[in-house]
Amino acid sequence: MTLLRPDDLDADEVAYRIFQVTRDRTPWRIEDVLREGRFSDDPARAERAWRVASAGYYAEQAGLVAAATLAVETEDAPLRFSLALATADEARHADAFYRYAKLVGGEPADAQETMQPLDDGLTSLPYMGRALVHTMLEGLAADEFILLGEVFAGDPLGRLYHHVRRDEIRHIAIGLNFLARETRTPSGREEWAEHAQEWHDIGIGLTGLNEVAVALATHTGREPASVQAWFHRRHRARLAAAGIHIEFQEGR
């Protein structure tokens, strides 16, 4: 294990500020969220809520493992400290989705098999590739939570998505800041130029965006193509805001 020098922690002002914002945020409590709104009396809506909350439990746990692994393996001090806080956030998220699912439908539906390709895909990548894909997944999840918040508006699950999304936005900033800094180094710039497109395509494949767009279109009354295009626009804007420009085809 490599312990990092303290003067590395605040060497980059922006990276350290992101850590401070994540460190000092006021945490929300699932007990409070469950008292917000009204649980649905519609059995079909309640089952849908149970299923998406069950999936949320496993997805957030996967995010926990990914963030913790990235924190252990990096020698970038502000990234390690920020990812440690993000790991704790993901634990809170997983527990919150578990608590909600158990309340409305019993033990969460098993979704471990759906998470395995994600884990396999991430572990096959080098560090910078994993950081990119993890950040992409956080960003697309944050966007998905906007629509799921609409679907479950008035229900405590809608409020839960609001709180989780606010945390995910900070996690996205952590990842994008690291990628922007790393690609300014000679070795990072070279690795990025050679592999970024490949990593990005792998990340898009791991999101299952086509299936997500179809499901959300069904729930929101939109066209799947318009939902997918909306995801793509927001994804491009996030990367561009960090100075990251990658080409990818619509519908991939």
Side-chain angles (χ1 to χ4, degrees), residues 2-27 60 62-93 122 125-146 164-200 202-204 206-207 231 233-246 248:
T2 303
L3 299 181
L4 307 176
R5 292 174 51 83
D7 53 350
D8 291 338
L9 183 58
D10 59 357
D12 185 282
E13 182 179 354
V14 175
Y16 188 62
R17 179 59 182 156
I18 291 172
F19 162 68
Q20 289 178 305
V21 169
T22 307
R23 180 197 65 196
D24 297 340
R25 91 277 183 261
T26 302
E60 296 296 329
L64 181 161
V65 173
T69 303
L70 288 167
V72 169
E73 294 183 8
T74 187
E75 295 187 6
D76 182 295
L79 179 64
R80 175 181 288 180
F81 278 59
S82 294
L83 286 172
L85 296 172
T87 300
D89 286 342
E90 303 292 9
R92 181 182 299 107
H93 300 169
L122 281 172
L125 294 170
Y127 192 89
M128 193 188 297
R130 273 185 287 141
L132 170 63
V133 173
H134 178 63
T135 304
M136 289 171 58
L137 292 169
E138 296 274 72
L140 292 168
D143 292 341
E144 182 182 6
F145 295 164
I146 294 175
V164 172
R165 182 174 182 273
R166 289 177 63 188
D167 292 341
E168 301 293 9
I169 289 171
R170 286 191 293 270
H171 303 171
I172 295 162
I174 293 167
L176 290 178
N177 173 263
F178 166 71
L179 292 168
R181 289 186 292 113
E182 187 65 16
T183 53
R184 290 197 295 265
T185 68
S187 59
R189 187 182 305 113
E190 181 179 351
E191 187 178 12
W192 183 263
E194 186 173 352
H195 298 291
Q197 186 69 60
E198 173 194 353
W199 297 334
H200 181 272
I202 290 171
I204 290 294
L206 290 174
T207 64
F231 274 107
R233 286 195 301 272
R234 294 181 65 84
H235 174 59
R236 288 183 193 277
R238 263 191 303 275
L239 295 181
I244 299 171
H245 302 279
I246 300 176
F248 71 101

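Computed from a predicted model, the values in this text were never measured in an experiment.
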Should the heavy atoms of other residues, nucleotides or ligands under 6.0 Å from CD of E73 be counted, would the total exceed 12? yes
Looking at R166, I want to see if its CZ is surrounded by more than 12 non-hydrogen atoms of other residues, nucleotides or ligands under 6.0 Å. no
Just how far is it from atom CE of M136 to atom CG of L176, taken to the nearest 0.5 Å? 11.0 Å
Non-hydrogen atoms of D12 and R184 that approach each other most closely: OD2-NH2, 4.3 Å
In sequence, state the C-alpha distance, the side-chain angles, and the governing distance for E138 and I174, and then conclude on side chain to side chain contact (heavy atoms under 4.5 Å, CB included). CA-CA 11 Å; E138 296 274 72; I174 293 167; over 6 Å; no
Within 6.0 angstrom of F145 CZ, more than 12 heavy atoms from elsewhere: yes
Under a 4.5 Å cut-off applied to non-hydrogen side-chain atoms, are M128 and W199 in contact? yes
Looking only at heavy atoms, the pair that brings F231 and E144 closest together is CE2-N, 3.6 Å
For A71, does its backbone N or O pair with a side-chain atom of T74 as donor and acceptor, under 3.5 Å? no
Is the closest side-chain heavy-atom distance between H93 and E168 below 4.5 Å? yes
Which heavy atom in R238 sits nearest to a heavy atom in L140, and how many Å separate them? NH2-N, 3.7 Å
Take W192 and E182, measure what side chain to side chain contact (heavy atoms under 4.5 Å, CB included) needs, and give me the verdict at the end. CA-CA 9 Å; W192 183 263; E182 187 65 16; over 6 Å; no
Between atom CZ of F178 and atom CD1 of I18, what is the distance when rounded to the nearest 0.5 Å? 12.5 Å
What do the steps show when you test R130 against T69 for side chain to side chain contact (heavy atoms under 4.5 Å, CB included), and what is the final call? CA-CA 10 Å; R130 273 185 287 141; T69 303; 3.7 Å; yes
Would a 4.5 Å heavy-atom cut-off, applied to side chains only, mark R25 and L85 as touching? no
Tightest non-hydrogen contact, residues R80 and L3, listed as NH1-CA, 4.2 Å
For residues L122 and A66, report the shortest heavy-atom separation together with the two atoms involved. CD1-CB, 4.2 Å
Which residue is it: T135, T22, D89? I am looking for the one with a side chain to side chain donor-acceptor pair (under 3.5 Å) to H171. D89
Please check if the number of heavy atoms outside E75 that lie under 6.0 Å from its CD is greater than 12. no
Is there a donor-acceptor pair under 3.5 Å between the side chain of S82 and the backbone N or O of L79? no
T207 OG1 to I202 CD1 distance, which is reported to the nearest 0.5 Å: 12.5 Å
Under the criterion side chain to side chain contact (heavy atoms under 4.5 Å, CB included), I'd like the reasoning laid out for Y127 against E191: C-alpha separation, chi angles, the key distance, then a yes or no. CA-CA 11 Å; Y127 192 89; E191 187 178 12; over 6 Å; no
Once you measure the plane-to-plane angle for F19 and Y16, does it fall in the parallel (<30°), tilted (30-60°) or perpendicular (>60°) bin? tilted
Mind listing the closest non-hydrogen atom pair of R165 and I146 along with its distance? NE-CG1, 3.1 Å
Once rounded to the nearest 0.5 Å, what's the spacing between atom CD of E13 and atom CZ of R17? 9.5 Å
CG/L132 to CD1/I244 distance, rounded to the nearest 0.5 angstrom? 7.0 Å
